[in-house]
Structures are given as structure tokens and as C-alpha cells.
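Scroll down for the structure; my scribbles are underneath it.
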Amino acid sequence: MQKGHCSYHTLRCHPDEDGFPFESGSSQGKDLSDAEDGVGDGKRKRVASAKKSQKSTSSEKAAYSHWLMKSEPESRIEKGVDVKFGIEDLKALPNQTGCWDGVRNYQARNFMRDMKPGQQAFFYHSNCKEPGIAGIIKIVKEAYVDHTQFDKKDVHYDPSSKPENPKWSMVDVQFERMTKRFIPLTELKKYHLKHKSSGGALSNIALFTRARLSVQPLTTEEFDFILSVISFSGKEE
DNA sequence: GCCAACGTTGGC
DNA sequence: GCCAACGTTGGC
């Protein structure tokens with residue numbers, strides 16, 4: 001499980017279909033857990049203590065506005081199905097839009113639920129020859145029920161999730177553009193290490209501080225810094 | 001509610 | 001293909 005790979009099921013999703021928004025917003029402090037779906041998931045539920053540390057105006061959360069979403073651009077067979085889904089695959093879909101299904105990690109899911117249409121995300125290529133940021137996508141539909149959780153044939157089928165109380169959500173994303181150059185993970189890591197010691201925009205970037213999260217938030221500073229290094233090194237805006 | 005065993009992610 | 005990091009499961 002786990003992973004934010006849209007697989008081609010994406011083809012079935014049409015951006016215009018009016019799905020029902022499955023609750024939006026809210027989630028920041030909760031982390032692991034299912035916090036907002038109340039019942040349903042079996043046993044153990046360590047409901048996050050979303051309460052604490054959540055001060056200030058009740059409706060206020062350090063809302064993120066930028067994201068980084070990982071997907072695998074190279075073929076890999078999982079349960080007999082190829083999970084490949086690179087930025088070129090998104091670009092090739094009708095309207096260059098697809099649904100980001102298959103996320104099976106609570107934190108990643110919660111971040112998707114925080115996403116708002118219009119926000120931008122980096123499309124990150126993972127588990128491949130050259131990991132790194134390949135382009136920019138845009139959130140075009142807020143979180144709604146990920147139908148693949150109920151599909152026994154799907155790689156990300158989750159028998160523990162019931163239709164009356166779905167566990168997993170997805171958003172629709174649209175290809176916006178390739179970055180003027182590919183930004184390798186190794187380069188980002190250099191900035192991160194440097195910034196960690198001397199201070200800088202990427203000193204705390206989730207890509208390294210929470211490496212396994214497939215859907216991550218980026219601060220505006222982080223996002224802008226990354227865009228700026230693209231241009232420093234050659235082209236881009 | 002602890003925590004060992006287990007499974008997954010994803011760089012290398 | 002290895003394996004470290006870390007999330008999840010489930011017994012107790």
C-alpha cells in the first residue's frame with residue numbers, strides 16, 4: 001500500500017464529473033490517523049490529539065498552499081499491474097487531468113484533504129533512475145472518495161474500507177507545465193544540507209525530513225526557492 | 001497503550 | 001537487489 005501513484009485508473013476519471021466533495025480542509029495537526037472519519041476502521045485507532053498545539057483561531061491552521069506529489073515514472077509490476085505513472089502519463093490523459101488515486105497513508109491522505117483547487121504541486125518522480133522534480137501540476141478538484149479502495153481488482157484495494165465510511169480520498173490534478181529543467185533529488189539534497197547548517201529555505205523540507213510521505217506540503221518559501229534555482233541554473237522563468 | 005514483528009517506501 | 005527508515009498491525 002501506500003503511495004501516491006495514480007496508476008492509469010486515472011483514465012476513468014473525468015475532471016468534470018461532479019463527484020461529491022468528501023469533506024475538505026482541516027487536518028493539519030492530526031497526522032497519522034484517521035481522525036476525521038470517525039468510525040470504521042477496525043481496531044486500534046490512535047486518534048490524534050489534534051487538539052493540543054492547535055491554538056489560535058479555531059478556523060485557522062497554518063494552511064499550506066503548495067505541495068509535492070510523488071509518482072513512479074518507470075514500469076513496476078505490483079500484483080500483476082504496472083503502476084507506472086510519470087508526468088508524461090498525466091499529460092497524455094484527456095484534458096491532461098487525472099485523479100490521484102491509490103494513496104494509502106493517513107498523513108498523505110490528510111494533506112490531500114487540505115488541498116484547494118487552484119493550488120500548485122510539484123510532480124516528483126520517485127523510485128526510478130533519476131528521482132526528482134519533473135514539472136508542475138495544479139489541483140483542480142478537492143478531495144473526494146477514492147473509488148479504487150473498493151475495487152478488488154485494484155492494486156490498492158482496501159478490504160477494510162467500507163462504502164458507508166470510506167477511508168481514502170483522492171484529488172484531481174491537471175498538468176500545468178514541465179519545469180524548464182529537471183531538478184534532481186541530489187541537487188535538492190545539497191540545498192537541504194547546506195540550509196540545515198547555515199539556514200535557508202530548504203532546511204526543513206519534507207522531502208528529507210519526512211522522506212517516505214508520498215504527498216507532502218511545501219511552504220511558499222520552499223516552493224519559491226525551488227523555482228528560483230531552476231532559473232539560476234539556466235532557464236526557466 | 002506498549003512494542004515487537006512485519007510490511008512498505010524509495011534511494012542507492 | 002539491498003536495506004534503512006519508518007508506518008502499521010495485533011498480541012498482550
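In this text, all values refer to a predicted model and were calculated from it rather than measured experimentally. Naming: A, B, ... by sequence-line order, numbering from 1 per chain.
Aromatic ring pairs are classed by plane angle as parallel below 30°, tilted from 30° to 60° and perpendicular above 60°; the pair A:His192 and A:Phe208 is parallel. Using cut-offs of 30° and 60° for the angle between ring planes, the A:His195 and A:Phe225 rings count as perpendicular.
The distance between atom CZ of A:Arg210 and atom P of B:dG10, rounded to the nearest whole Å, is 13 Å. Rounded to a whole Å, the CZ atom of A:Arg76 is 14 Å from the P atom of C:dG1. Going from atom NZ of A:Lys167 over to atom C1' of C:dT9 covers 11 Å, rounded to whole Å. Taking atom CD of residue A:Glu130 and atom P of nucleotide B:dG11, one finds them 12 Å apart after rounding to whole Å. Between the CE atom of A:Met69 and the P atom of B:dG10 there is a distance of 13 Å, rounded to whole Å. What separates CD of A:Glu78 from P of B:dT8 is a distance of 8 Å, to the nearest Å. Across the protein-nucleic acid pair, A:Lys84 atom NZ and B:dG10 atom P stand 17 Å apart, rounded to whole Å. Taking atom CG on A:Asn127 and atom C1' on C:dG1, their separation rounds to 12 Å, with Å as the unit.
Nearest to the side-chain atoms of A:Gln107 among the listed nucleotides B:dG10, C:dG7, B:dT8 stands C:dG7. The nucleotide whose nearest atom lies closest to any side-chain atom of A:Ser214 is, among C:dC6, B:dG11, B:dG10, B:dG10. The side chain of A:Tyr124 lies closest to B:dG11, out of B:dG11, B:dC12, C:dC6. Closest to the A:Asn105 side chain, of the nucleotides B:dG10, B:dT8, C:dT8, is C:dT8. Listed nucleotides B:dG11, B:dG10, C:dA5 differ in distance to A:Lys70; the shortest reach to its side chain belongs to B:dG10.
In this model, the phosphate group of C:dC6 is not approached by any side-chain N or O of A:Tyr106 to a distance below 4.0 Å at OP1 or OP2.
Among the atoms of the strands shown, none is found under 4.0 Å from any heavy atom of A:Phe208.
Residues passing the ring pair (Phe, Tyr, Trp, His ring centres under 6.0 Å) test with A:Phe175, sequence neighbours excluded: none.
In this structure, A:Arg76 pairs ionically with A:Glu78, as a charged nitrogen and a carboxylate oxygen lie closer than 4.0 Å.
Judged by the 6.0 Å and 45° rule, A:Lys141 forms a cation-pi pair with A:Tyr144.
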